[in-house]
Number of protein chains: 2
Amino acid sequence: MPRARIKDPLLKLPGYVLRRASAAALAELNQRLARLDLRHADVAMLMLIESSPGITQSQAGHVLAIQRANMVPFVARLEGRGVLQRRQVDRRSQALDLTRRGRMLLVRARRVVAAHEAALLKRVPDRLRPMVLPILMALWNRDRP
Amino acid sequence: MPRARIKDPLLKLPGYVLRRASAAALAELNQRLARLDLRHADVAMLMLIESSPGITQSQAGHVLAIQRANMVPFVARLEGRGVLQRRQVDRRSQALDLTRRGRMLLVRARRVVAAHEAALLKRVPDRLRPMVLPILMALWNRDRP
DNA sequence: TATTGTTATACTCTATAACTATA
DNA sequence: TATAGTTATAGAGTATAACAATA
């Protein structure tokens with residue numbers, strides 16, 4: 001039982017609340033995904049490959065904001081698990097595709113993600129809900145650095 | 001120059017966009033703070049101590065969601081830098097206060113944060129701007145786990 | 001010359017377990 | 001018995017530099 005309530009002066013800062021909201025949501029999603037032995041980044045990768053079969057490793061890294069160097073062990077882990085396979089497109093590029101196992105796993109993962117996203121949105125009052133995605137996209141501002 | 005545009009299937013997911021927006025904003029803030037040799041968490045700590053002088057180390061960790069074990073080197077670094085000081089409140093609790101140097105640094109840091117927050121909000125269309133904080137607070141949902 | 005994948009490495013952040021000394 | 005601080009350690013995630021092979 002907390003003794004004295006402490007005022008948090010950071011709650012007025014959208015940037016701070018953005019970070020805390022993101023961290024909380026991410027932790028929650030990872031917990032939900034744990035029973036599939038997946039992390040949020042794994043599912044993002046699977047969804048991207050399903051959407052763009054044959055996408056190259058570097059293209060995928062670019063979309064997901066994962067650097068080339070970090071893609072190597074990441075992709076290797078998923079390949080070693082048998083959920084994706086690499087295919088030589090030319091002699092330096094690797095095309096990525098889901099395996100049957102990957103597609104089956106993605107079906108289950110997508111349900112978990114959908115439940116998570118629904119839970120997130122449900123916290124927002126009905127009136128504000130349509131503004132969630134537009135506001136987050138605007139805050140992201142992924143063009144201008 | 002990108003060859004073929006790749007559709008990102010994750011852009012419809014608030015949770016994903018939340019994460020990307022947070023990561024981008026955080027990187028930007030840390031860049032802005034670099035000239036003061038500060039990280040975002042440092043400023044959060046300074047602002048919290050200024051708001052609640054004498055807050056204990058464990059209370060601060062609780063508010064900032066930093067675990068006790070991780071508070072130790074964190075606080076030690078700031079203390080070693082002379083921006084905060086620890087004071088024994090009883091024989092197990094440490095009260096934290098800003099030093100003069102800490103207060104002076106915070107004045108400058110606050111300006112950087114304010115510029116950052118303003119830049120964030122400016123990306124959001126006027127009509128949506130008043131909903132930013134309410135929506136982020138709702139998404140955070142810091143009560144229910 | 002620029003790009004792709006790769007290796008190696010380092011740094012930050014976060015998480016866990018165990019210990020001590022206090023309240 | 002629960003709490004505050006500490007130590008040690010491990011794991012993510014991310015960042016940089018350099019290299020080979022190829023477009």
To the nearest 0.5 Å, what is the distance between CD1 on B:Ile6 and CD1 on A:Ile55? 3.5 Å
Report, as yes or no, whether the 6.0 Å neighbourhood of atom CZ on A:Arg110 holds more than 12 heavy atoms from other residues, nucleotides or ligands. yes
Length of the CD-P vector between B:Gln59 and D:dT3, whole Å: 13 Å
If you take any heavy atom closer than 4.0 Å to DNA chain D, which residues from residues 82-92 of chain B end up in contact? B:Arg86, B:Arg92
A:Gln59 (side chain) donor-acceptor with A:Thr56 (main chain) under 3.5 angstrom: yes
Has A:Glu117 got a side-chain atom pairing as donor or acceptor with B:Gly15's backbone, closer than 3.5 angstrom? yes
Check whether any side-chain nitrogen or oxygen of A:Ser58 sits under 4.0 Å from OP1 or OP2 of C:dG5, and answer yes or no. yes
According to salt bridge (charged side-chain N to carboxylate O under 4.0 Å, His left out), who are the partners of B:Arg68, at least two apart in sequence or on a separate chain? none
Mind listing the residues from residues 61-75 of chain A sitting with a heavy atom below 4.0 Å of DNA chain C? Number order is fine. A:Arg68, A:Ala69, A:Val72
In plain terms, say whether A:Arg39 and A:Asp42 are close enough for a salt bridge, that is, a side-chain N and a carboxylate O under 4.0 Å apart. no
Within residues 38-56 of chain A, which residues have any heavy atom lying less than 4.0 Å from an atom of DNA chain C? none
Between B:Arg123 (side chain only) and A:Leu139 (backbone N and O only), is there a donor and an acceptor less than 3.5 Å apart? yes
Near DNA chain D, under 4.0 Å by heavy atom, which residues of residues 9-26 of chain B? none
Rounded to the nearest 0.5 angstrom, the CE-NZ distance for A:Met47 and B:Lys12 is 12.0 Å
What residue pairs, at least two apart or across chains, pass side chain to side chain donor-acceptor pair (under 3.5 Å) with a residue in residues 89-107 of chain A? A:Arg87-A:Asp97
Take atom CD of A:Gln94 and atom P of D:dA21, then tell me their distance rounded to the nearest Å. 15 Å
Whole angstrom value for the distance that separates C1' of C:dT22 from CD of B:Gln57: 15 Å
Can you name the one residue among A:Leu64, A:Val113, A:Leu136 that meets side chain to side chain contact (heavy atoms under 4.5 Å, CB included) with B:Tyr16? A:Leu64
State, yes or no, whether a side-chain contact exists between A:Pro53 and A:Leu98 at a heavy-atom distance under 4.5 Å. no
Spacing of CZ belonging to A:Arg81 relative to CG belonging to A:Leu105, to within rounding of 0.5 Å: 5.5 Å
Is A:Arg129 reaching over with its side chain to a backbone N or O of A:Val124, donor-acceptor style, under 3.5 angstrom? yes
